[in-house]
Each structure stands twice: as structure tokens, then as C-alpha cells.
Trainee: 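One structure, pasted below without further comment.
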Amino acid sequence: MSASNISAVTKSTSVAAVSGRSRLMGVYIVNAVTGASNAQGSVNIRNGSTVSGTILLTLNASTAAAGTNIDIPDGGMLFSEGMFIDLPTTSPANSITHVTLLFEGGAAA
């Protein structure tokens, strides 16, 4: 169980999502497209506030039009400089419509 409050932020484009030192506790990805031509897309979560930050986590969305929930075990994953959500703009990755981050510390950007 967490010793502090969990915050959430939802984004629909590549953008800085969390500013400051924080721990990622969970991720929810919404994939709106299904079918062979739109195989699963991926989401990169980068350390920092720009697309040039180091990728610390890459997640693949479901191949179906559905939500995917990922829990990060134990004390979560440390992002020392904030979190940047990187959604590639080419198919199939553009089928991902929203990403929600559950985090401790930092602040929603």
C-alpha cells in the first residue's frame, strides 16, 4: 500500500505529463482501432519533459479496441525528471487515443 497520495493525469498527444521527480504506479492505455491493419501500437514514457528524454518504459496497447491497464509493482518506477508521454503519429500507434498515468510525487503538467 502506498504511503502517499496517488495522482492521475490523462493525455491524448505526445506531451509532458508530469513535472518533477515522481514514481509511476500504473498506466491505462485506450486503443480505439482494431483489425490486422492496426496491430498494437506502443507508448514510450520518457524521463524528463521533452521527446529527447531517455525512454524508461515502452508499453504495447491491445490489438483490440479496448483499454489496457498496467500496474507497476512494489514502489513504482522512478522518473527523476518528470514524465513525457511519447505517442508515435504513424499507424498503428496513432490508434491510441488516451494515456492515463497514475503517479506519486511531482505534479500534473
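For reference, positions follow the sequence shown, starting with 1.
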Trainee: Does Asp86 form a side-chain contact (heavy atoms from CB on, under 4.5 Å) with Ile45? I'd like the steps, not just the answer.
Mentor: CA-CA 6 Å; Asp86 184 8; Ile45 303 177; over 6 Å; no
Trainee: Side-chain contact test, heavy atoms from C-beta onward, threshold under 4.5 Å: evaluate it for Asn5 versus Glu104 and give yes or no.
Mentor: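 When only atoms from C-beta onward are counted, Glu104 and Asn5 do not touch, as no gap falls below 4.5 Å.
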Trainee: Could you report the tightest heavy-atom contact between Ser49 and Ala16, atom names first, then the distance?
Mentor: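 That closest heavy-atom pairing would be O-CB, 3.7 Å.
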Trainee: Please assess Ile55 against Leu57 for the test side-chain contact (heavy atoms from CB on, under 4.5 Å), listing each intermediate value before the final yes or no.
Mentor: CA-CA 6 Å; Ile55 296 171; Leu57 183 62; 5.9 Å; no
Trainee: Would the distance check show the side chain of Ser22 and the main-chain N or O of Gly20 forming a donor-acceptor pair, the cut-off being under 3.5 Å?
Mentor: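 Here the side-chain-to-backbone pair exists.
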Trainee: Roughly how far, to the nearest 0.5 Å, is the CG atom of Leu102 from the CZ atom of Arg23?
Mentor: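 Going from the CZ atom of Arg23 to the CG atom of Leu102 covers 15.5 Å.
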Trainee: Using side chain to side chain contact (heavy atoms under 4.5 Å, CB included) as the criterion, point out the one residue from Ile85, Thr10, Asn69 that pairs with Thr100.
Mentor: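 Result for side chain to side chain contact (heavy atoms under 4.5 Å, CB included) with Thr100: Thr10.
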Trainee: If only atom types and distance count, is the side chain of Asn47 paired as donor or acceptor with the main-chain N or O of Glu81 below 3.5 Å?
Mentor: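 The answer is yes, because a donor-acceptor pair under 3.5 Å joins these two groups.
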Trainee: Determine whether Val9 and Phe103 make a side-chain contact, defined as any pair of heavy atoms from C-beta on separated by less than 4.5 Å.
Mentor: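 Yes, close enough: below the 4.5 Å cut-off.
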Trainee: Would you confirm whether Lys11, through its side chain, and Ala109, through its main-chain N or O, come within 3.5 Å as a donor-acceptor pair?
Mentor: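 The answer is yes, because a donor-acceptor pair under 3.5 Å joins these two groups.
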Trainee: Is any side-chain heavy atom of Met83 closer than 4.5 Å to a side-chain heavy atom of Leu101?
Mentor: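 Met83 vs Leu101: side chains touch.
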Trainee: Run the side-chain contact (heavy atoms from CB on, under 4.5 Å) check on Leu59 and Val27 step by step: do they pass?
Mentor: CA-CA 9 Å; Leu59 301 167; Val27 182; 3.8 Å; yes
Trainee: Is the shortest side-chain heavy-atom distance between Arg46 and Thr54 below 4.5 Å?
Mentor: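 Arg46 vs Thr54: side chains apart.
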Trainee: Could you check Arg21 against Leu78 for side-chain contact (heavy atoms from CB on, under 4.5 Å), going step by step and ending with a plain yes or no?
Mentor: CA-CA 8 Å; Arg21 184 179 174 93; Leu78 179 63; 3.5 Å; yes
Trainee: So which heavy atom on Val18 is nearest to which on Gly106, and how close?
Mentor: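 Closest pair (atom of Val18, atom of Gly106, distance): CG1-CA, 4.3 Å.
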Trainee: Are the side chains of Ile70 and Ile29 in contact, using a 4.5 Å heavy-atom criterion?
Mentor: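 Side chain of Ile29 against side chain of Ile70, heavy atoms only: contact under 4.5 Å found.
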Trainee: When you measure from the side chain of Ser14 to the backbone N and O of Leu87, does any donor-acceptor pair fall under 3.5 Å?
Mentor: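 Yes, Ser14 side chain to Leu87 backbone: donor-acceptor pair under 3.5 Å.
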Trainee: With hydrophobic residues grouped by side-chain heavy-atom distances under 4.5 Å, do Met25 and Tyr28 end up in a single group?
Mentor: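 No, Met25 and Tyr28 fall in different hydrophobic clusters.
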Trainee: Please tell me whether Ile96 and Val15 are part of a single hydrophobic cluster in this structure, the criterion being side-chain heavy atoms less than 4.5 Å apart.
Mentor: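 Shared cluster, no.
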